[in-house]
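Lettering follows sequence order; numbering is per chain, from 1.
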Protein chains: 2
Amino acid sequence: MKLSTRGRYGLRAVIDLAVHDNDGAIALSQIAERQGISMNYLEQLIPKLRKVGIVKGIRGAQGGYVLSKPAHEISVGDILRALEGDLNPVECVEVMGTDTTCTNSDTCVTKNVWKRISDSINDAVDGIMLSELVEESKRVNNEASTDTSQKLNC
Amino acid sequence: MKLSTRGRYGLRAVIDLAVHDNDGAIALSQIAERQGISMNYLEQLIPKLRKVGIVKGIRGAQGGYVLSKPAHEISVGDILRALEGDLNPVECVEVMGTDTTCTNSDTCVTKNVWKRISDSINDAVDGIMLSELVEESKRVNNEASTDTSQKLNC
DNA sequence: CTAATTCCTATTAAATCACTCGGCTTTCAA
DNA sequence: TTGAAAGCCGAGTGATTTAATAGGAATTAG
């Protein structure tokens, strides 16, 4: 019941990108260095974010990545689901009504348990917008004001 | 971000045990057969439940397992945490204040995200008591009333 | 005693994770 | 026009975890 590094690194990368949003295209190498993440590995996470329209790649020299829509239109849920797949604790809880796997879903007691967990997770992450995290990141780094690099942990 | 079979099988096993609570000690072989779970594997999950005082083993012939406290005093959270370990989405979110790993927790923006996810998961599972699931299981099986075996899926 | 049962430890095949690596394509800048 | 900077893509790999299986010791009712 843990998020993988995909979700953790990926969220940090997107926050980093969002914080530097008005600096034009940001090269992956910059994000990787600031966040202390292997660039090769980050490169694997990006396609997942690109596919759902969170980031956009700009190829060629002086290229890099930008957010493909404003930060207040991107939720943490969007980011984490792109990176981790659906956030349901079990397979059988699908999008609502579309029970593919679980055959005896009528007599299944545990299903309601998984549903409640699933809903609470998704509600939580959908309630946090990327813009909030950007604000918080800037505020925290101003207070600390030691270095301007947006180094994030966890 | 999925529960393992430990949590899924284990919860079903405990529900099964709770449903047959007044039949005396229940052999693992019975639970395994009713739930369609390998007995050898179930045997590995039991120690986790025993350690936190959810079930109690009765050794010898005619032995088996019983709940070690009433079902309304056992939450789904107790069961899942026993089987899966803590339900936090990342390591660095610990019991509140005991931040062992994450060093720069002050400037860590994502930490609050993990905290909110963690809280919502734990609130959800702690709000469901085993007794509720037993009630529901009995009700559902009466309505369906095809077989008396408490076969659960998911 | 003996059969049933819990209890404990070891082994294992398969999957997943967290990367690394190499090569290709696109584009800008000099 | 060419070269370097970047994104893009797929294959490979060691370590860890998962989901079991297997075997045997301890315990107890009948």
Side-chain angles (χ1 to χ4, degrees), chain A residues 1-14 17 20 23-52 54-68 80 83-86 89-91 154, chain B residues 1-14 17 20 23-52 54-68 80 83-86 89-91 154:
Chain A
M1 200 54 178
K2 288 275 183 284
L3 284 171
S4 68
T5 53
R6 287 192 296 279
R8 303 208 306 280
Y9 293 1
L11 178 56
R12 280 166 53 193
V14 174
L17 198 58
H20 299 87
D23 303 2
I26 309 291
L28 214 49
S29 57
Q30 291 179 46
I31 300 177
E33 197 187 5
R34 274 197 292 260
Q35 299 300 325
I37 300 171
S38 145
M39 180 178 151
N40 282 318
Y41 190 46
L42 254 191
E43 211 171 25
Q44 281 192 317
L45 308 184
I46 288 285
K48 297 168 184 288
L49 296 167
R50 198 154 35 92
K51 204 173 297 174
V52 298
I54 290 175
V55 304
K56 194 167 50 182
I58 296 169
R59 302 184 68 158
Q62 267 62 44
Y65 290 96
V66 292
L67 292 181
S68 45
L80 290 181
L83 293 161
E84 297 272 344
D86 66 83
V90 300
E91 289 296 341
C154 301
Chain B
M1 200 54 179
K2 288 272 183 286
L3 284 171
S4 68
T5 54
R6 289 192 296 279
R8 303 208 306 278
Y9 291 1
L11 178 57
R12 280 165 53 192
V14 174
L17 197 58
H20 299 88
D23 302 4
I26 309 292
L28 258 196
S29 57
Q30 291 178 48
I31 300 178
E33 196 186 6
R34 274 196 294 258
Q35 300 298 327
I37 300 171
S38 146
M39 179 178 151
N40 281 317
Y41 189 46
L42 254 191
E43 211 171 24
Q44 282 189 318
L45 308 184
I46 288 286
K48 296 168 185 289
L49 296 166
R50 199 153 35 91
K51 204 171 297 175
V52 297
I54 290 175
V55 304
K56 194 166 48 180
I58 296 168
R59 302 184 68 157
Q62 266 60 44
Y65 290 96
V66 291
L67 292 180
S68 44
L80 291 182
L83 293 160
E84 296 272 346
D86 67 84
V90 298
E91 290 295 341
C154 301

TODO: Send over the distance from A/L42 CG to C/dT20 P, rounded to a whole Å.
DONE: 11 Å

Open item on the list: For a quick test of reading the model, state the closest non-hydrogen atom pair linking A/I26 to A/R34 and the distance between them.
Closed with: CG2-NH2, 3.5 Å

Between protein and nucleic acid, restricted to nucleotides 27-29 of chain C and to nitrogen or oxygen atoms under 3.5 Å apart, what atom pairs and distances do you find?
from, atom 1, to, atom 2, distance (Å)
C/dT27, O2, A/A61, N, 3.2

Using distance only, find each side-chain donor-acceptor pair of residues 38-45 of chain A under 3.5 Å and give its atom names and separation, not counting sequence neighbours.
from, atom 1, to, atom 2, distance (Å)
A/S38, OG, A/N40, N, 3.3
A/S38, OG, A/Y41, N, 3.1
A/Y41, OH, A/T5, OG1, 2.9

Open item on the list: What is the distance, to the nearest angstrom, from the NZ atom on B/K2 to the P atom on C/dA15?
Closed with: 18 Å

Task: Value in whole Å for how far the P atom of D/dA25 lies from CD of B/E43 - done: 15 Å

Task: side-chain contact (heavy atoms from CB on, under 4.5 Å) against A/R50, all qualifying residues, sequence neighbours excluded - done: A/I46, A/P47, A/V55

Open item on the list: Between B/Y41 and C/dT12, is there a contact of a side-chain N or O with OP1 or OP2 at under 4.0 Å?
Closed with: no

Open item on the list: Restricting to side-chain contact (heavy atoms from CB on, under 4.5 Å), what partner residues turn up for B/E84, sequence neighbours left out?
Closed with: B/L3, B/S4, B/R6, B/L87

Open item on the list: I want to verify a distance call: between C/dT6, D/dG7, D/dA19, whose nearest atom is closest to the B/S4 side chain?
Closed with: D/dA19

TODO: Give the rounded distance in Å between these two atoms: OH of A/Y65 and C1' of D/dC8.
DONE: 7 Å

- [ ] Kindly indicate whether the side chain of A/V66, heavy atoms from C-beta on, has any atom under 4.5 Å from the side chain of A/L17.
- [x] no

Task: Spacing between A/L83 atom CG and C/dC17 atom P, to the nearest angstrom - done: 13 Å

TODO: Go through D/dT18, C/dT5, C/dT20 for me and flag the one nearest to the B/A27 side chain.
DONE: C/dT5

Task: Of the listed nucleotides C/dT6, C/dC7, C/dA18, the one nearest the side chain of B/I46 - done: C/dC7

- [ ] In whole angstrom, give the distance that lies between atom NZ of B/K48 and atom P of C/dC8.
- [x] 14 Å

- [ ] Using a 4.5 Å cut-off on heavy atoms from C-beta on, say whether the side chain of A/I37 contacts that of A/I31.
- [x] no

Task: Partners meeting side-chain hydrogen bond (donor to acceptor under 3.5 Å, both in side chains) with B/K56 (sequence neighbours left out) - done: none

Task: Contact nearer the 5' end of DNA chain D, comparing A/M1 with B/M39 - done: A/M1

Task: Under 4.0 angstrom between B/S38 side-chain N/O and D/dA20 OP1 or OP2 - done: no

- [ ] Quick one: pull up NZ in B/K48 and NZ in B/K51 and give me the separation to the nearest 0.5 Å.
- [x] 7.0 Å

TODO: Give the minimum heavy-atom separation between B/R8 and A/V90, together with the two atoms involved.
DONE: CD-CG1, 3.1 Å

Would you tabulate the nitrogen or oxygen pairs shorter than 3.5 Å linking the protein to nucleotides 11-14 of chain D?
from, atom 1, to, atom 2, distance (Å)
D/dA11, N6, A/Q44, NE2, 3.3

Task: Shortest non-hydrogen contact between B/A25 and B/I58, atoms and distance - done: CB-CD1, 4.0 Å

Open item on the list: Tell me the interatomic distance from B/E91, atom CD, to D/dT17, atom P, rounded to whole angstroms.
Closed with: 10 Å

TODO: Mind calculating the distance between CD1 (B/I37) and P (D/dA20) to the nearest angstrom?
DONE: 9 Å

Task: Any B/Y9 side-chain N or O less than 4.0 Å from OP1/OP2 of D/dA19 - done: no

- [ ] Please check the phosphate of C/dC8 (OP1 and OP2 only) for any side-chain N or O of B/R50 closer than 4.0 Å.
- [x] yes

Task: Nearest-neighbour nucleotide for the A/N40 side chain, D/dG7, D/dA19, C/dT20 considered - done: C/dT20

